[in-house]
Amino acid sequence: MSTSASLQPAVVGPPPESTSGARPALAAVLLGFFMIMVDAMVVNVALPSIGRGFGSGMTGLQWVVDGYTLAFAAFLLSAGAVSDRIGARQAFAGGLGLFVAASAVCALAPSLGVLVAARLVQGAGAAVVVPSSLALLRETFPDPAARAKAIALWGVGGSVGAAAGPVAGGLLTLVDWRMIFFVNLPVGAVALVLLRRARRSPRQEVPFDWTGQVAAVTAMGTLTYAVIEAGADGFGTAQVLGAFAVAVVAAVVYLTAQARGRHPMTPLPLLRSRIVSLSVAIGFALNVAFYGMIFLLGLYLQQVHGLSALATGVAFLPMTVLTSFMGPVAARLAVRFGARMPVVTGQCLIAAGLLAMATLPVAPPVWLTVVLMVPVGAGGAMAVTALTALLLEKVPAERAGVASGVLNASRQLGGALSVAVFGALVADRARFVPGLHTSLLIAAATVAVSVVATLLLRTQVPHRIPATATEASTRPLER
């Protein structure tokens, strides 16, 4: 499930070239974004093979997934500022290069610790790619119609990448789980070659919020560590309590830095906007459901039903195929009924699918599980597409990178925490199925709460978000 930002009528053919190098830039962005979204999900099907290869238990496998999503979330907060500071094309190239290099280390990792460390670096590179890819499209396609089509393609590519991750993981694990990382090398190389044909992006003098960034990484990292370790050792151990305490202190430092710092990476006027704050909460809930489901079912189909990695990947194929069409569907619905309608519809599909899976008998037919995945994946793609567009419509170009970073950071954090919490609930093999059902019920309840939040969103917002701190001090934000 990806972010997609167009609510224009669904036209997903190549947009007309508006500047020199526009098409190569678009191709590079699509390849890069597709690849990082695949890697957010591709390891889920390979987890049993990785566990056998390194002799790892559930805690180690949770970190293979969360190392990526956690770094992705934490560094997204400042990646927009980095993109503005060094230029969108340069930032995209740097982030993608870091991602590809880390992929090579993942593929050659001699131990689980090295694999997790490389996944963290992968996530950091991916965090730079997301906002810089959007910023690059905005400057490459100045014509609104062409830009809308380009962003629609970007969103479809990301949605397909996220949904195709489990399928690709199953196919590549058939050879060796390390292939899921090796394949990134040629794809990344092609994207970087294409990017050389795009014109160099202008730079801006944008200060970097070191205090906020360090505090954000510390808060997210220690919170995730505490939840994962609590599942293995219990909530009363000294290391878990200490990690929770550090997370709280770091969160306070982060909020203080954003409130009082001269150059905060997530300006509070942006976060005070009703449209932004509710979008962030909804995005968090959507990824709790989607990432949590993929993580759980990747294990469930192999450990309970005894499917191979390939068969498990194939089981995700119907969801993958339908998800690829949801971006255009969401666009049409939004144009006709308003942006809130596809967001609510998508969330209701997710909650219904999760609730149905949670109430199935202990070992239902595999085909029934496959069928029930479809509304979750399709609903997620529909909701995220419309939600992202609704947010970006109200954000000026100067704040697009920051707003995109905040929304995607909340989504990735939701994914990381869902893996941490749900992994703890299914860690005991003897109680895997009850833990699975409990996890799915939690995910469904989280999405149900986000439906209420969505209903609080206005379909039309009379005022846009201020572009600068000076404007924010003289003009109130929309609430």
Side-chain angles (χ1 to χ4, degrees), residues 1-3 36-37 39-41 44 62-80 116 119-120 122-131 158 162 209 212-231 243-244 246-255 257-258 265-266 270-271 276-295 350 380 383-384 387-388 391 402-424 439 442-443 446-447 449-450 453:
M1 187 170 58
S2 163
T3 56
I36 67 169
M37 294 311 297
D39 266 56
M41 312 302 293
N44 287 282
Q62 285 172 279
W63 277 112
V64 173
V65 178
D66 272 355
Y68 183 84
T69 53
L70 186 61
F72 201 167
F75 289 101
L76 267 172
L77 292 172
S78 59
V116 171
R119 287 284 284 170
L120 285 164
Q122 263 194 320
V128 177
V129 167
V130 170
D209 181 11
Q213 180 62 83
V214 172
V217 171
T218 303
M220 293 184 190
T222 52
L223 176 60
T224 304
Y225 172 84
V227 174
I228 289 176
E229 293 302 318
F244 275 123
V246 172
V248 170
V249 172
V252 171
V253 172
Y254 169 75
L255 292 174
Q258 304 316 291
M265 62 183 181
T266 50
L270 186 71
L271 298 179
V276 174
S277 59
L278 289 178
S279 295
V280 165
I282 295 164
F284 178 92
L286 291 174
N287 268 35
V288 166
F290 188 75
Y291 277 55
M293 182 196 73
I294 298 294
F295 172 75
I350 295 171
V384 170
L387 177 67
T388 306
L391 175 64
V402 175
S404 174
V406 171
L407 175 61
N408 283 285
S410 71
R411 292 179 56 224
Q412 296 302 321
L413 180 60
L417 290 179
S418 70
V419 170
V421 173
F422 299 162
S439 300
I442 292 172
T446 303
V447 175
V449 172
S450 77

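Partners of A126 according to the side chain to side chain contact (heavy atoms under 4.5 Å, CB included) rule, which considers only residues two or more places apart in sequence or in another chain, are I36, Y68, F72, F99. With sequence neighbours left out, the side chain to side chain contact (heavy atoms under 4.5 Å, CB included) criterion links L70 to W63, M220, T224.
Interatomic distance, T446 OG1 to L417 CG, rounded to the nearest 0.5 Å: 11.0 Å. Remark: D66 CG to Y225 OH distance equals 14.0 Å, nearest 0.5 Å.
Heavy atoms only, all atoms of each residue included: A409 and A73 are closest at CB-O, 3.2 Å. The two residues F422 and F295 have their closest heavy-atom pair at C-CE2, 4.5 Å. Of all heavy-atom pairs between V419 and Q62, the closest is O-NE2, 3.1 Å. Contact record, G292 with S418: N-OG, 3.4 Å, taken as the closest heavy-atom pair. In this structure, G67 and L120 approach most closely via the heavy-atom pair O-CD2, 3.2 Å. For the residue pair A219 and A251, the shortest heavy atom distance occurs at CB-N, 3.8 Å.
The closest side-chain heavy-atom distance from L387 to L286 is below 4.5 Å. N44 is not listed as a side-chain neighbour of Y291, based on a closest heavy-atom distance of 4.5 Å or more. Residues V447 and S450 meet the side-chain proximity criterion, which asks for heavy atoms closer than 4.5 Å.
Results of the side-chain contact (heavy atoms from CB on, under 4.5 Å) test with V421 over V288, I228, V227 single out V227 as the only residue that passes.
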Test log, rule side-chain contact (heavy atoms from CB on, under 4.5 Å), inputs F75 and V128: CA-CA 7 Å; F75 289 101; V128 177; 6.0 Å; no
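For R411 (side chain) and N287 (main-chain N/O), no donor-acceptor pair under 3.5 Å exists by modelled atom type. Judged purely by atom type and a 3.5 angstrom limit, S410 uses its side chain to pair as donor or acceptor with the backbone of V280. Between the side chain of Q213 and the main chain of A74, a donor-acceptor pair closer than 3.5 Å is present.
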